[in-house]
Student: 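So that we are looking at the same thing, I have put the structure below in structure tokens.
What you see is a predicted model, and the numbers here were worked out from it, not measured in a lab.
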2 protein chains.
Amino acid sequence: MVTLEDVAKQAGVSLATASRVLNGSTRQVGADLRARVERAAYELGYRANIAAQTLARGASNVIGIVVHDLTDPYFAALADGAMRAAAGEGLLVMVGTTHRDPEQEIAYVATLNAQRVRAVLLVGSRVADPEVTERLRAELDRYRASGGRAACVGQDLLGVDTVAPANHEGAAALARSLAGLGHTRFAVLAGPPRLMTARDRCAGFVSALAELGLPEPRVIEGPFDRDGGYRAAQETGDATCVFAVNDVMAVGALAAYRERGIRVPDDVSVAGFDDIATLRDQVPALTTVRLPLQDMGARALELALAADEEPTVEQVPGEVVLRESVRALR
Amino acid sequence: MVTLEDVAKQAGVSLATASRVLNGSTRQVGADLRARVERAAYELGYRANIAAQTLARGASNVIGIVVHDLTDPYFAALADGAMRAAAGEGLLVMVGTTHRDPEQEIAYVATLNAQRVRAVLLVGSRVADPEVTERLRAELDRYRASGGRAACVGQDLLGVDTVAPANHEGAAALARSLAGLGHTRFAVLAGPPRLMTARDRCAGFVSALAELGLPEPRVIEGPFDRDGGYRAAQETGDATCVFAVNDVMAVGALAAYRERGIRVPDDVSVAGFDDIATLRDQVPALTTVRLPLQDMGARALELALAADEEPTVEQVPGEVVLRESVRALR
DNA sequence: GCACACTGGGAAACCGCTTTCCGGGAGGTC
DNA sequence: GACCTCCCGGAAAGCGGTTTCCCAGTGTGC
């Protein structure tokens, strides 16, 4: 391993000078010495030891992103946005996936704290479990107490900067649009009730229907993924319009209907939430609520890095996108 | 910031003892002292400083994964597989995305080298540019010279452990299957020729057709993504069967045909490559060559970590999966 | 011509942890 | 009871950088 000392020796200068030349400093170094150091570093193939730098500087140049599942395009888009923003700041990214286990999320915060990362981004829905939330919050507080910054994409439950998609309001707007097409008998593929995102979207949809004086929809719980949507779609009964709380579930529902010979949108209308890019070529094209996922990820990083004292909560509106998977009832 | 010294002081023991208790050691510590240290650490909320540990131990517990694009489900699946394997080994993961810029890939290797990560995984196609490959290889050699381990998913061009999908052979097998259905006029949506993966798949397909004595397919180059497939599909002429070198492009092609009222598979058959999970609900279901992406990612990590001297190259076969997007010509 | 910044170089302290090395006490053997 | 191990606790030397502090040399202003 080539160290700074090797470089300094080869260049015939002190450690201090070599450090100033190679790894940035406010202090100037004379042109000749600077050149000698650079040459030596190049010849030896010197690479600064970041662990040592981090230790000496007391600050690292990496951030941590914790997501539920990287193979879910929702998280991939969010993570990608955050990573682009990070790259723009010259930061490296450590990614952790919890596979939807809240304990893992807590463990990652502890680990990232140990890594002394500059910021931690918690991406994805909180769970409706006060005890778990409290423990996560405690771990996060401990991290922030030692100078770490944090932000979250999801619900504002942790006392940190938050990018909060308007799940409730978006779902409500979608409900109004669908009701405007003449639908009255709805079903909701609601996902798991302990997931706040699922719960908020479901609640927003249900309450909008109530305000319109429409009958209560049938609410079918299940997993938050494609197969969850597939299974839940078996139980939508005589609903003319089905709202899946995310696009991936909606795709599962489409598959279920297709297999059973139920035509979408002729026999039943289907809507999702998120507007996942990879799913835009689905047939029939999915009606959904668009969320600017990449921007949200990038924004979360900005918030985390900004030196504000008060935690900011940024509401992100969703935009209803009507496509072929729903039809108007005459 | 709570340091080990604070803990030791509070527990009334030496730094060495505290270290042995908290951060693992071959040496034993008496039960009472051990308890005192653990209590102090808990009360103070101590978190080991990993940068310091890394420096002192001379070895870190993080690995680096470099992918082209996380929002592409192909890379997401590969990365996920590698990350699961890493988690199983207690390793943390740093992810870098190059956004398909080979220079970025080189830069990441340098950065990860500076981080002294335990292993680097280069995931994704090499490019057919000897000069770039040479520079990447040099950077990689420098990293390995200082004790780093590396592996690659893609082509065996770097002199490191490699998981190599059988692109040529898989595409050839697909060609034979499709020819077996009676097709004779083919087109290939070939992607960018500088991408080895695209090139190999295209070549495998073309050469298999030649061996069968069939006419040369029309080869249409373009970007490796959905829009590339969409655009290339405009030029497939009178081909009865179109092979897109990856699933994402095939989906773009399906969209293009749909818009133009060309029915798949009635008017034209379409096949892809990879068998991306998120795309399995596509209509019509995509004929493709299945690659065990998650396993490949995991395997790459294993190879990198294994203490072998000779670089291993592991060929991964693809399995032709015939689905509704192709039909037999009677 | 002299006090006075100002500049750029080097010595050394320090960041927080691991690990070697040393030493004292307990237990075993003859 | 003398001698030898073995076990466990602590002092201190690193790990590879950054940065403070000191110092010599050079211009400046009057």
Student: By nearest heavy atom, map A:Gly24 and B:Ala31 onto DNA chain D; which one lands nearer the 5' end?
Tutor: B:Ala31

Student: Nearest whole angstrom, please: distance from the P of C:dT20 to the CZ of B:Arg20.
Tutor: 10 Å

Student: Quickly work out the B:Arg27 CZ to D:dC7 C1' distance and round it to whole Å.
Tutor: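 Answer to the nearest Å: 8 Å.
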
Student: Rounding to a whole Å, what distance do you find between B:Arg36:CZ and D:dG9:C1'?
Tutor: 12 Å

Student: Is any side-chain nitrogen or oxygen of B:Gln53 closer than 4.0 Å to OP1 or OP2 of C:dT18?
Tutor: yes

Student: Under 3.5 Å, is there a donor-acceptor pair linking the side chains of B:Thr54 and B:Ser60?
Tutor: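 B:Thr54 vs B:Ser60: no donor-acceptor pair found between side chains.
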
Student: Does C:dG10 have OP1 or OP2 sitting under 4.0 Å from an N or O in the side chain of A:Thr17?
Tutor: yes

Student: Between C:dG16, D:dG17, D:dG9, which nucleotide has the shortest distance from any of its atoms to the side chain of A:Tyr46?
Tutor: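 Nearest listed nucleotide: D:dG17.
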
Student: Does the pair B:Glu314 and B:Thr162 meet the rule for a side chain to side chain donor-acceptor pair (under 3.5 Å), with working shown?
Tutor: CA-CA 6 Å; B:Glu314 223 169 85; B:Thr162 301; over 6 Å; no

Student: Does A:Ala51 reach a base, just sugar-phosphate, or nothing at all? Heavy atoms under 4.0 Å.
Tutor: nothing

Student: Give the minimum heavy-atom separation between B:Gln104 and B:Thr97, together with the two atoms involved.
Tutor: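 Of all heavy-atom pairs spanning B:Gln104 and B:Thr97, the closest is OE1-O, 4.4 Å.
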
Student: Measure CD1/A:Ile50 against C1'/D:dG17 and give the value in whole Å, please.
Tutor: 11 Å

Student: Kindly say whether A:Arg20 contributes a backbone atom to a donor-acceptor pair with the side chain of A:Arg27 at under 3.5 angstrom?
Tutor: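 A pair under 3.5 Å: no.
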
Student: For a quick check of understanding: with a heavy-atom distance under 4.0 Å over all strands, which category does B:Gly58 fall into, base, sugar-phosphate or nothing?
Tutor: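 Since no nucleic acid heavy atom lies under 4.0 Å of B:Gly58, the category is nothing.
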
Student: For DNA chain D, whose closest nucleotide is more 5', that of B:Ser14 or that of A:Asn23?
Tutor: B:Ser14

Student: Have a look at B:Leu33 and say if it touches a base, only the backbone sugar-phosphate, or nothing, with a 4.0 Å heavy-atom cut-off.
Tutor: sugar-phosphate

